[in-house]
Amino acid sequence: MAYVLKRLAAAALVVFGTVTLVFLILYALPGDPASLIAGDDAPPAVIARIRIQLGADQPLWAQYLYYLHGLVTGDLGRSFLTGEPVFGRLAAQLPATLELTFLSAGVAIVLGVLLGVLSAVHRGDWIDNLIQTITMTFTSMPEFWRGILLILIFSVWLHWLPAIGNGDLAQLVLPVACMGVGHAGVLTRTVRNNVLEVIEEPFVATLRGKGLLEGAILYRHVLRSALIPVITTFGMLVSQMLGGVVVIETLFARQGLGRIIAESVGSKDIPMIQGAVLFAALLSVTITVLVDLSYRWIDPRITL
Amino acid sequence: MTLHAQQAPSRAWFVHQEAEAAKQPKPRLQWRVDPFMIVAGLIATAALLWALAPGWFAPFAPTDMDPQAILQAPSHTHLLGSDHMGRDVFSLIIYGARQSMMVGVGSAVISLLIGGFIGLVAGYLGGAVDLVTMRLIDIWLSVPSTLLVIIIATALRPNLGNVILTIGLVFAPHVARVMRSLVLSIKSRPFVEASRAIGSSHLSIILRHILPHTLSQVLVTLTLQVAFGMLMGAMMSFIGLGVVQDRPDWGFLLNQGRSYLTTAWWFATFPGLAITLLVISLNTLGEALRRRLDPRGKAA
């Protein structure tokens with residue numbers, strides 16, 4: 001329990017740090033948000049008006065307090081573009097992003113574990129080499145190019161699946177495949193290395209000595225130990241995916257958090273960008289903490 | 001005299017390392033002639049040459065627009081087809097190499113300088129400095145890197161320098177972590193202690209003993225960071241945060257090609273293939289380098 005509290009306190013610190021970081025980047029960097037919004041040739045009077053609107057004429061600490069107050073009360077400001085409250089728009093589009101992220105993480109884990117074990121069992125032979133080459137290729141591809149190829153093959157040429165939109169299940173297949181398959185590459189490597197490491201451990205020799213079948217050793221004992229680090233990787237994976245949705249949702253025209261970010265970047269809608277980035281970042285911190293806590297629950301030897 | 005004494009421990013260590021190395025089976029220490037590595041090396045060299053002198057390799061100028069040849073499929077004249085303005089896709093890719101490589105290499109160097117310095121200071125000083133630095137890095141890393149790149153780039157003006165700076169800054173903490181753990185392990189080696197015992201200054205210990213020992217790892221990190229930087233740069237161009245010029249980079253080409261997927265598959269496919277092949281090559285080379293520099297390595 002003391003551990004849980006300690007971990008939560010650390011997480012609170014990270015959350016606070018993240019919130020401050022986002023503020024500092026958007027408000028304290030040399031680029032003046034007012035002139036960015038107005039454009040370079042806008043008359044000074046317009047820029048000055050926008051600056052007052054933004055509160056950018058006030059000292060940094062006052063802006064910071066105002067920003068914190070807004071966060072605590074769930075007020076993320078209003079969109080520069082449409083004037084709608086940022087929080088409402090984000091909350092409405094969050095489920096689409098969660099759906100995409102968790103399904104993709106699931107696909108990545110299933111694929112990663114299967115291929116990783118297969119690769120470890122066949123260490124050094126052609127199956128291992130093939131799997132390693134394929135995963136290396138997938139991790140080296142830009143995510144959006146992988147998506148474009150999927151659209152080309154399955155939508156444009158084969159007409160099997162819809163490329164864009166969200167709503168029904170068929171529309172989820174391509175984006176989930178795109179994210180899941182890509183991230184499975186990293187997992188495959190982790191699983192392979194873990195399995196190979198655990199196989200060297202003395203307890204496996206004991207099991208062999210006992211006369212247990214190789215298959216039973218692998219699936220009942222080795223895999224169980226080898227999978228523990230995979231759970232930590234899961235947190236990292238989801239965090240990376242929450243960044244990746246910007247590209248995937250744009251490519252597959254899905255209405256989610258990432259799409260909001262990509263659109264707001266084009267229109268320099270700073271409150272919207274700030275809100276969406278905070279949403280995604282806080283989500284990723286939350287998941288990391290949950291994973292940390294479950295990690296300890298699964299493997300009682302771990303003390304942090 | 002002091003100078004000589006200062007060098008002595010490290011030389012002795014090298015002799016020791018050599019003796020250790022000699023015990024290892026020979027083949028492990030030689031470059032294995034791996035066909036993958038040769039191909040990777042060739043691809044990286046080609047991209048470098050394209051970046052340095054695109055005019056020598058490209059059949060057309062990047063501004064050559066041929067109204068007769070709009071969105072033409074790959075043919076003898078246009079090896080990889082032509083785009084919506086009748087430009088040769090192959091030539092555009094060759095001319096785009098410079099920008100993509102500059103983003104990759106530039107951001108890798110920046111993250112190495114900033115991250116390397118932070119990691120060095122944190123690892124060498126230890127204590128409260130280390131603790132605070134690592135906490136700050138944890139916060140930095142808790143935000144998905146794509147999102148960090150996006151908000152920093154939003155706050156800055158879109159030019160090449162800022163794109164490079166943004167990516168460099170975002171990856172710097174990763175490098176700082178690697179550097180810190182390296183410094184920590186080197187710091188505790190006997191030759192550093194010996195050097196301190198004979199009264200060397202901290203600066204001289206860092207310059208003479210610690211930095212040289214990080215070089216090999218730094219080289220590996222640099223190679224892999226170039227690959228990361230290129231991917232991130234392409235992502236930025238893709239969502240419209242990159243630099244728009246008359247010489248579009250690969251990410252920008254890919255984004256343009258996306259609008260013509262149904263009519264011209266080659267337009268988006270080949271720029272993406274260029275990025276992928278180069279990134280795979282850099283990763284392969286980085287891995288090979290890691291294995292070569294760490295003969296005891298687990299990677300084998």
Side-chain angles (χ1 to χ4, degrees), chain A residues 10 13-18 20-22 25-31 33 36 40 133 136-137 139-146 148-149 151-152 155-157 163 193 196-197 239-247 250-251 258 261-262 264-266 268 270 273-274 276-277 280-281 284-285 288, chain B residues 36 135-136 138-158 162 166 169 227 230-241 250-251 254-255 257-258 261-263 265 267-269 271-284 287 298-299:
Chain A
L13 195 71
V14 172
V15 166
F16 181 71
T18 307
T20 310
L21 182 70
V22 170
I25 291 175
L26 284 176
Y27 289 88
L29 276 186
L36 273 179
D40 279 334
T133 310
M136 170 81 129
T137 312
T139 38
S140 302
M141 272 184 195
E143 199 148 47
F144 45 90
W145 190 55
R146 194 163 55 230
I148 284 177
L149 289 186
I151 292 179
L152 257 182
S155 302
V156 177
W157 289 340
N193 292 344
L196 288 180
E197 232 164 72
S239 165
Q240 276 175 13
M241 285 181 173
L242 282 170
V245 290
V246 177
V247 166
T250 306
L251 186 59
I261 296 175
S264 312
V265 160
K268 295 267 183 246
I270 290 184
I273 300 175
Q274 174 188 300
V277 169
S284 124
V285 172
T288 314
Chain B
F36 279 113
R135 278 292 154 274
L136 288 178
D138 279 348
I139 291 172
W140 192 259
L141 293 181
S142 74
V143 184
S145 46
T146 314
L147 297 181
L148 265 186
V149 162
I150 289 172
I151 51 169
I152 298 179
T154 311
L156 298 173
R157 264 156 217 288
N162 281 339
T166 304
L169 277 178
M230 283 193 43
L231 282 179
M232 202 48 107
M235 187 281 290
M236 286 173 77
S237 299
F238 184 73
I239 62 167
L241 278 174
W250 294 345
L254 192 42
N255 190 20
R258 183 163 69 103
L261 275 189
T262 42
T263 45
W265 59 270
F267 189 8
T269 306
L273 188 66
I275 301 175
T276 308
L277 284 180
L278 185 51
V279 170
I280 293 180
S281 304
L282 289 171
N283 284 340
T284 309
E287 283 297 317
K298 301 170 201 160

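Model, not experiment: these values are computed from the prediction. So you know, we letter chains A, B, ... as the sequences are listed, proteins then strands, and number each from 1.
- Note that the CD1 atom of A:Ile148 and the CD atom of A:Glu143 stand 12.0 Å from one another [nearest 0.5 Å].
- Listed by chain and residue number, A:Ser140 satisfy the side chain to side chain donor-acceptor pair (under 3.5 Å) test with B:Asn283 (two or more places apart in sequence, or in another chain).
- Counting heavy atoms from C-beta outward, B:Leu148 and A:Ile25 have side chains that approach closer than 4.5 Å.
- The candidate with the highest count of non-hydrogen atom pairs below 4.5 Å against chain A, out of B:Asn162, B:Leu278, B:Leu147, is B:Leu147.
- No donor-acceptor pair closer than 3.5 Å links the side chain of A:Thr137 to the backbone N or O of B:Ile280.
- When the candidates A:Leu196, A:Leu152, A:Val285 are compared by the number of heavy-atom contacts under 4.5 Å with chain B, A:Leu152 comes out ahead.
- For chain A, the nearby part of B:Ile150 is the side chain; its heavy atoms alone come within less than 4.5 Å.
- Residues that satisfy the salt bridge (charged side-chain N to carboxylate O under 4.0 Å, His left out) test with B:Arg258, not counting sequence neighbours, are absent from this structure.
- Using a 4.5 Å cut-off between heavy atoms, A:Val22 touches chain B through backbone and side chain atoms alike.
- Most heavy-atom pairs under 4.5 Å with chain A, from the set B:Leu277, B:Leu241, B:Ile275, B:Leu231: that is B:Leu231.
- Of the two parts of B:Thr284, the backbone and the side chain both hold a non-hydrogen atom closer than 4.5 Å to a non-hydrogen atom of chain A.
- Across every non-hydrogen atom of B:Pro271 and B:Trp250, the tightest pair is CB-O, 3.9 Å.
- No other option in B:Asn255, B:Leu141, B:Thr146, B:Thr276 has as many heavy-atom pairs under 4.5 Å with chain A as B:Thr276.
- For B:Ala227, no part sits under 4.5 Å from any heavy atom of chain A, backbone or side chain.
- Looking at A:Val277, the atoms closer than 4.5 Å to chain B (heavy atoms on both sides) sit in the backbone and in the side chain alike.
- Looking at every heavy atom in both residues, B:Thr166 comes nearest to B:Ala153 through CG2-N, 3.9 Å.
- With contacts defined as side-chain heavy-atom distances shorter than 4.5 Å, the pair B:Phe238/A:Leu251 qualifies.
- A:Thr288 does not touch chain B: none of its heavy atoms, backbone or side chain, sits under 4.5 Å away.
- The greatest number of non-hydrogen atom pairs below 4.5 Å with chain B, out of A:Phe16, A:Trp157, A:Trp145, is found for A:Trp145.
- When the candidates A:Ala281, A:Ser239, A:Ser155, A:Ala276 are compared by the number of heavy-atom contacts under 4.5 Å with chain B, A:Ser239 comes out ahead.
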